[in-house]
Amino acid sequence: MCAAPVQGQAIPAGVDVEKETVITGRVLGGDGEPVGGAFVRLLDGTGEFTAEVVASGTGDFRFFAAPGNWTLRALSASGNGQADIAPEGAGIHSANVTVGV
């Protein structure tokens, strides 16, 4: 069975954030509360699917990507939502996705 990996908040040991581009965030409901278990998709600048993870119980997600223009799309029982992010280089870049609004 194939499934998207569940995410946590901590960056794994051994990840050099001075060399890696990390996109992190949290899925939030319209009330601002975290939405756990949402499927979060990473779409490239042309809208093509690149990766998918399952948000942790606290709504956290993480992707390792390249600098550029990305769209984060969250799909949950509470609704769907998306956010754009454009990291210009290595480091941790954050964007929350609000669903059900």
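Numbering of residues begins at 1 and proceeds along the displayed sequence. For the numbers below, each heavy atom of this structure counts, side chains included, while hydrogens, waters and symmetry mates do not. Because the structure is predicted, anything quoted here is derived from the model rather than measured.
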Return the OG1 to CD1 distance between T24 and I92, rounded to the nearest 0.5 Å.
6.5 Å

Could you tell me if T71 and D84 have a donor-acceptor pair between their side chains, going purely by distance under 3.5 Å?
yes

For F49, which fellow cluster members are found when Ile, Leu, Val, Met, Phe, Trp and Tyr are connected by side-chain heavy-atom distances below 4.5 angstrom, either directly or through intermediates?
L43

Check whether any side-chain heavy atom of R26 lies under 4.5 Å from a side-chain heavy atom of T58, and answer yes or no.
yes

Can you confirm whether L72 sits close enough to I23 that some side-chain heavy atom of one is under 4.5 Å from a side-chain heavy atom of the other?
yes

When you look at N80 and R73, which way does the side-chain contact (heavy atoms from CB on, under 4.5 Å) test go after all the steps?
CA-CA 7 Å; N80 304 330; R73 184 169 296 153; 5.8 Å; no

Any non-hydrogen side-chain atom of V27 less than 4.5 Å from a side-chain atom of V40?
yes

State the CH2-CD1 distance between W70 and I85, to the nearest 0.5 angstrom.
11.0 Å

G29 and V35: which non-hydrogen atoms are nearest, and at how many Å?
N-CG2, 3.4 Å

Of all heavy-atom pairs linking A38 and S76, the shortest is CB-CB, 3.7 Å

Do V53 and F63 come close enough that some side-chain heavy atom pair is under 4.5 Å?
yes

Can you measure from CG (L42) to CD (E48) and round to the nearest 0.5 angstrom?
12.0 Å

F61 and V97, any side-chain heavy atoms less than 4.5 Å apart
yes

Ignoring hydrogens, what is the shortest heavy-atom contact between S78 and V99? Give both atom names and the distance.
CB-CG2, 4.2 Å

Side chains of T21 and H93, heavy atoms from C-beta outward: is any pair under 4.5 Å?
yes

